[in-house]
Amino acid sequence: MFSFELLLNAVAAGLLLGGFYAAVSLGISVTFGLLEVANIAHPVFIIAGAYGAYALNTAFALDPILAGLLLTPIFYGLGVVIYRIYYVSFEQRGEESLRGLVFFFGLMFIVEVSLLLVYGVDYRMIETPYIGRSVLIGPLGISLRLFVPCVVGVVLTLVVYLFLAKTFYGRAIMGVSQDSLALRLMGADPVHIKTIAFGLAVATTSLAGALLLVIAPVEPSIGREYIGRVFAITVLGGMGSIGGTLVAALILGVAESLTATFSGPSWSLAVSFGLLLLALAVRPSGLFGR
Amino acid sequence: MQRCVPVVLALSIIGLGLLLTATVENRYFYFATYVILQYVVLATAWNILGGYTGYVNFGTPAFFALGAYMATFLMRAYHAPLPVQLLAGGLISGLLGLGIGYLTLRLKGVFFSIATLALTVVLQTVMINWEFVGGAKGLSIMRPATVLFFSSYVKFLFAVMLCLAVASVTIAWWLEHSWIGRGLAAIRDNEEAAECMAVPTLKLKILATTVSGALMGMAGAPFPLHVTLIEPTSAFNLDYAVNSLAMPMIGGTTTWLGPVVGAILLGTAQQTATVTISSALNLLIVGVVLVAFVILAPEGLVGLVRRLVQRERA
């Protein structure tokens, strides 16, 4: 069963998958890691993004990644509205932990069932030039449907990293996660900054959803599989560290790919959740935690 | 005297239910009522942990399905009768609850909730790969042809679930009115302060997770016989997580009455909607109602009524 070639290919596929996972988890790293808002509806927005890209692709034959990019302003607006509701209903009353969590859980359910009502339970997929092709480098086969999302995912991670590190609003977002009172004393409104951050986080999901559509066919309920993945990556990466998110995503990608190759794909889902349980039990502050 | 009232009430509800099985024949009635009663058990069990201590459990499907799979295993391996399945299902899910209880030492708030969700997926993966109890394909279950005292098996299952529902509500009522309930409420309000006031927080939390898990497991044990099929997707259905959380939220989480009211209202609405509209649409309604309640009426229906009554008096 075991061969070096198989191992090499599994690791390569895992690394590519990891780049995609980074794009998927970025939003959670911002909302959960920095703002401490447990947006468990995040994965379902990714699925909504995938369906948005699917709709644009079937209607106008747009490239899915371009479609995902075009959808980001709409998703940003969606994020702003959701955060406003969340803020007024829960954060302002100081009831965010329990009821806020239930709010997002309900939201997740609403989006998922709405997609189910519109598109049904069938798997949806698309055709693009880079799906189904692969490049051979010696014994290594790299499939483009994994390679393209990985590149886009890494670029997106880099953009978010630079935004947070270099721009005024990015630094303000980092500031609000450290000390929102100090930010207020500096003359910036924490709620305004948090709204922007939340909008940004939801905006990344439309692009991540488009990448998901490239990698595999989508179906409304697969968002649940990503809940474990995104939270595992965020916790393992150290809550809000963007670089940590990328490293953790690559680790998870390789771990899942190895499991799928050597003990069957039906076990690969347990890897992310197992890793999450392990990280929570052993080192809750993550690999790169403060 | 006051202590006798709930016992008399509980026994008379069971008595009425048994009387019903002797008069009404409609099989669908029992099938639907069974589901509603099952939700009374699940919502009450969820509330013992979620409502009283404030630890939000998304893992209802894990406990429920573990009970169902334990029952399936016992049926296949030893042809065990239903009472044994119930006890074993409660025992194994109670043990899982015990483990989860120790987890609360390290995991608070959101992390605890995500861990319970993770647990569900891990357990589901294990069951998908366990061929003896059907694996991914599932397994059909044969009901015993005859059963003592009842004219059909559906009626018998209905009676079993009715007893379970009454028992779990009684347990919740008793917990709430004993010193344990006050300790749990102290944990919900401020765990550190409670610990400082010498409330045995860990012991109480473990008690809550164990009782909650055991009740969910017992609710799951008759599931294979009820639908005559066991299969991972339906046993680990996320609907159980949403419903067992939405029902107490809608009814009110601070009293034993809340989950019962929520489960009966929402359960009945769902059972009617599944027949008259469609099952996907009725889930959408659950989601919308849940979000609406959590934003607009955080104390649930019981809280709303209580506030109205107080205003009348004033």
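So that the names make sense, note that chain A is the first sequence line, chain B the second, and so on, each numbered from 1.
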| field | B/F58 versus A/L101, closest heavy-atom pair with distance | value | CZ-CG, 3.7 Å

| said: Tell me whether A/R124 at atom CZ has more than 12 heavy atoms from other residues, nucleotides or ligands lying less than 6.0 Å away. | reply: yes

| field | Contact origin within B/I285 toward chain A - heavy atom pairs under 4.5 Å | value | neither

| field | Contact check, side chains of B/V56 and A/F105, non-hydrogen atoms, under 4.5 Å | value | no

| remark: Turns out that what part of B/A136 lies under 4.5 Å from chain A's heavy atoms comes down to neither

| query | Taking atom OH of B/Y102 as the centre, does the number of heavy atoms from other residues, nucleotides or ligands within less than 6.0 Å exceed 12? | reply | no

| query | Considering only heavy atoms, which portion of B/V126 lies under 4.5 Å from any heavy atom of chain A: side chain, backbone, both, or neither? | reply | both

| message | Taking side chain as everything from C-beta outward and backbone as N, CA, C, O, which of these in B/L245 sits under 4.5 Å from a heavy atom of chain A? Side chain, backbone, both or neither. | response | side chain

| message | Need one label for A/I227: side chain, backbone, both or neither, based on atoms under 4.5 Å from any heavy atom in chain B. | response | side chain

| task | Select, from B/V291, B/I128, B/T120, B/L119, the one with the greatest count of heavy-atom pairs under 4.5 Å involving chain A. | result | B/V291

| task | Determine, stepwise, if the pair B/V121 / A/E225 fulfils side-chain contact (heavy atoms from CB on, under 4.5 Å). | result | CA-CA 8 Å; B/V121 177; A/E225 297 171 6; over 6 Å; no

| Is the distance between the ring centroids of B/F111 and A/F32 less than 6.0 Å? | yes

| request: Grab the two heavy atoms, one from A/S114 and one from B/L284, that are nearest each other, plus how far apart they are. | output: OG-CD1, 3.6 Å

| Residue A/F231 versus chain B: region with a heavy atom under 4.5 Å | side chain

| task | With a 4.5 angstrom heavy-atom cut-off, could you sort out which part of B/T253 is near chain A: side chain, backbone, both or neither? | result | side chain

| said: Just verifying a value: how many Å separate A/F109 CZ and B/N243 CG, rounded to the nearest 0.5 Å? | reply: 7.0 Å

| message | Please identify, among A/L116, A/I40, A/V271, A/L117, the residue contributing the most non-hydrogen atom pairs under 4.5 Å to chain B. | response | A/L117

| note | Value for OG (A/S221) from CG (B/L238), rounded to nearest 0.5 Å, stands at 9.5 Å

| task | Against chain A, label B/L290 side chain, backbone, both or neither, depending on which of its atoms sit under 4.5 Å from a heavy atom there. | result | side chain

| request: Inspect the surroundings of CD in B/E131 and state if more than 12 heavy atoms from other residues, nucleotides or ligands are less than 6.0 Å away. | output: yes

